[in-house]
*Asks:* 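Take this structure, written in structure tokens, and hold onto it; I'll ask about it next.
It should be emphasised that the depicted structure is a prediction, and the values quoted were computed from it without experimental measurement. Protein chains get the first letters and strands the later ones, always in sequence-line order, with residue 1 at the start of each.
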Number of protein chains: 2
Amino acid sequence: MRIPIRVSLDHPEPLYHQIKTQLRALIMSGQLEQGMLLPSIRELANDLSCSVITIRRVYQDLENEGLLKTRQGTGTFVAHIEQDEKEKHKLEAVIRAMEEAIKIARQHQYDDEEIQKLFIQCLSKRERED
Amino acid sequence: MRIPIRVSLDHPEPLYHQIKTQLRALIMSGQLEQGMLLPSIRELANDLSCSVITIRRVYQDLENEGLLKTRQGTGTFVAHIEQDEKEKHKLEAVIRAMEEAIKIARQHQYDDEEIQKLFIQCLSKRERED
DNA sequence: TATACTGTATATATCTATATACACAGTATA
DNA sequence: TATACTGTGTATATAGATATATACAGTATA
């Protein structure tokens with residue numbers, strides 16, 4: 001299976017962090033099921049055009065968080081996570097992102113009415129992913 | 001004058017980039033007027049509990065963008081920027097932040113209706129800044 | 001038991017952030 | 001008008017984080 005992760009190099013956020021955040025989202029949202037075998041570090045590194053070491057760091061970090069199980073020579077698997085924990089993570093991640101957007105809008109002196117209007121515009125013009 | 005900039009160390013975004021983005025917002029939103037003398041690099045570094053070099057990099061980067069003018073021995077000043085350019089930057093920055101939030105919400109399998117509802121909730125519960 | 005796949009460890013380059021020492025501009029005052 | 005002082009930005013050297021290539025070790029299986 002091909003993992004739908006997108007990274008951007010001109011982003012200020014470190015590469016390993018972008019990948020880690022997106023992979024965590026895929027697991028916590030249930031798009032990757034418990035027990036599933038992930039692509040090998042080499043395969044994913046090749047997909048994302050980055051180094052094997054970067055992917056390894058991501059897998060290792062997520063294993064330390066309890067989201068993955070890795071066995072040398074065999075591969076890396078999605079661990080079991082309680083449904084409660086998944087729901088909690090999802091909501092927190094989304095709210096954090098929204099509060100960040102609101103913070104930036106307010107920094108630019110937009111008032112709440114304008115912010116809401118702009119957001120609904122952004123939401124309705126759905127762009128395609130290629 | 002004290003510049004209202006907030007940084008967080010546990011953020012994945014580099015320090016100089018956080019500061020640069022916020023200072024740019026203050027200039028582009030008109031909160032810092034043309035010709036205004038900014039705090040010295042030492043003063044701002046002390047305010048934000050970071051190194052003088054980090055602030056220097058921010059001032060230098062923004063000077064290269066044409067937002068600041070700096071004179072050795074004298075200080076760093078806000079440059080003149082066309083109103084059109086300011087408006088353009090403001091809108092782009094805010095829309096970028098909102099699209100990022102929407103992207104994350106969709107990654108977590110929220111549908112547009114839920115996203116809008118959550119956003120309005122976040123917007124209405126205005127938290128105080130200390 | 002080859003061999004081709006997994007993850008792992010070591011060494012190197014670049015980016016981020018810092019401390020320290022230096023050079024330039026303005027101002028008070030002897 | 002010298003001169004000392006305080007403020008400004010600037011340059012060099014160092015430590016840590018991030019990303020890489022390359023070589024190493026464990027596991028499955030033909």
*Asks:* Starting at the 5' end of DNA chain D and moving along, which residue's nearest nucleotide shows up first, A:Thr74 or A:His17?
*Replies:*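 It is A:His17, whose closest nucleotide lies nearer the 5' terminus.
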
*Asks:* Using whole Å, report how far CD1 of A:Ile53 lies from P of D:dA17.
*Replies:*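 After rounding, the reported distance stands at 17 Å.
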
*Asks:* Could you state the atom-to-atom distance from CG of A:Asn46 to P of D:dT20 in whole Å?
*Replies:*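 Distance check: A:Asn46 CG to D:dT20 P gives 13 Å.
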
*Asks:* Linking I/L/V/M/F/W/Y whenever any side-chain heavy atoms sit under 4.5 Å apart, do A:Val94 and B:Ile120 land together?
*Replies:*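 Looking at the clustering, B:Ile120 is in a separate group from A:Val94.
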
*Asks:* Which one, C:dT16, D:dT20, C:dT18, comes nearest to the side chain of B:Cys50?
*Replies:*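 Nearest to the side-chain atoms of B:Cys50, counting from C-beta on, is C:dT18.
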
*Asks:* Any Lys/Arg nitrogen of B:Arg106 or B:Asp111 sitting under 4.0 Å from an Asp/Glu carboxylate oxygen of the other?
*Replies:*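 B:Asp111 and B:Arg106: not salt-bridged.
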
*Asks:* So if I take the C1' atoms of five pairs at each end of the helix from C:dT1-D:dA30 to C:dA30-D:dT1 and get each local axis, what angle do the two axes make, rounded to 10 degrees?
*Replies:*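 Inter-axis angle at the termini of the helix from C:dT1-D:dA30 to C:dA30-D:dT1: 10°.
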
*Asks:* For the pair made of NE2 in B:His11 and P in C:dA17, what is the distance, rounded to whole Å?
*Replies:*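 Taking NE2 of B:His11 and P of C:dA17, I get 13 Å after rounding.
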
*Asks:* Between C:dG7, C:dT16, C:dA19, spot the one nearest the side chain of B:Tyr16, thanks.
*Replies:*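 My answer, after comparing the listed nucleotides, is C:dT16.
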
*Asks:* Send over the distance from A:Arg42 CZ to D:dA21 P, rounded to a whole Å.
*Replies:*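 It works out to 13 Å between those atoms.
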
*Asks:* Could you tell me whether the side chain of A:Thr21 and the main chain of A:His17 form a donor-acceptor pair under 3.5 Å?
*Replies:*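 Judged by distance alone, yes, a pair lies under 3.5 Å.
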
*Asks:* Measure from CZ on B:Arg57 to C1' on C:dT18 and round the result to the nearest Å.
*Replies:*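 The answer, rounded to whole Å, is 13 Å.
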
*Asks:* Answer yes or no: is there a donor N or O on one side and an acceptor on the other, between the side chain of A:Glu87 and the main chain of A:Asp84, under 3.5 Å?
*Replies:*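 No.
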
*Asks:* Out of D:dG9, C:dG7, C:dT8, which has the shortest distance to the side chain of A:Tyr59?
*Replies:*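 Comparing D:dG9, C:dG7, C:dT8 against the side chain of A:Tyr59, the answer is C:dG7.
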
*Asks:* Would you kindly give the CG-to-P distance between B:Leu15 and D:dG16, to the nearest whole Å?
*Replies:*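 Distance check: B:Leu15 CG to D:dG16 P gives 17 Å.
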
*Asks:* Could you please name the option among D:dA21, D:dT18, D:dG9 that lies closest to any side-chain atom of B:Ser40?
*Replies:*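 Given the options D:dA21, D:dT18, D:dG9, the side chain of B:Ser40 is closest to D:dG9.
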
*Asks:* Look at the side chain of A:Arg71 and the base of C:dG7, then say whether one donor and one acceptor between them are separated by less than 3.5 Å.
*Replies:*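 Flag unset: no donor-acceptor pair detected.
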
*Asks:* Is A:Val52 close to A:Asn46 at the side-chain level, that is, under 4.5 Å between some pair of heavy atoms?
*Replies:*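 No; the side chains remain at least 4.5 Å from each other.
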
*Asks:* Would you please confirm or rule out a distance under 4.0 Å between OP1 or OP2 of C:dG7 and any side-chain N or O of A:Thr70?
*Replies:*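 Checking A:Thr70 against C:dG7: no side-chain N or O falls below 4.0 Å of OP1 or OP2.
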
*Asks:* Taking only the side-chain nitrogens and oxygens of B:Arg56, find out if one of them lies under 4.0 Å from OP1 or OP2 of C:dT18.
*Replies:*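 So the side chain of B:Arg56 is outside the cut-off, no N or O lying under 4.0 Å from OP1 or OP2 of C:dT18.
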
*Asks:* Give a yes/no answer on whether the side chain of A:Thr76 brings an N or O atom under 4.0 Å of OP1 or OP2 in C:dG7.
*Replies:*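 Affirmative; the distance criterion is met.
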
*Asks:* What is the distance from CZ of A:Phe77 to C1' of D:dA28, rounded to the nearest Å?
*Replies:*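 Whole-Å distance recorded here is 12 Å.
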
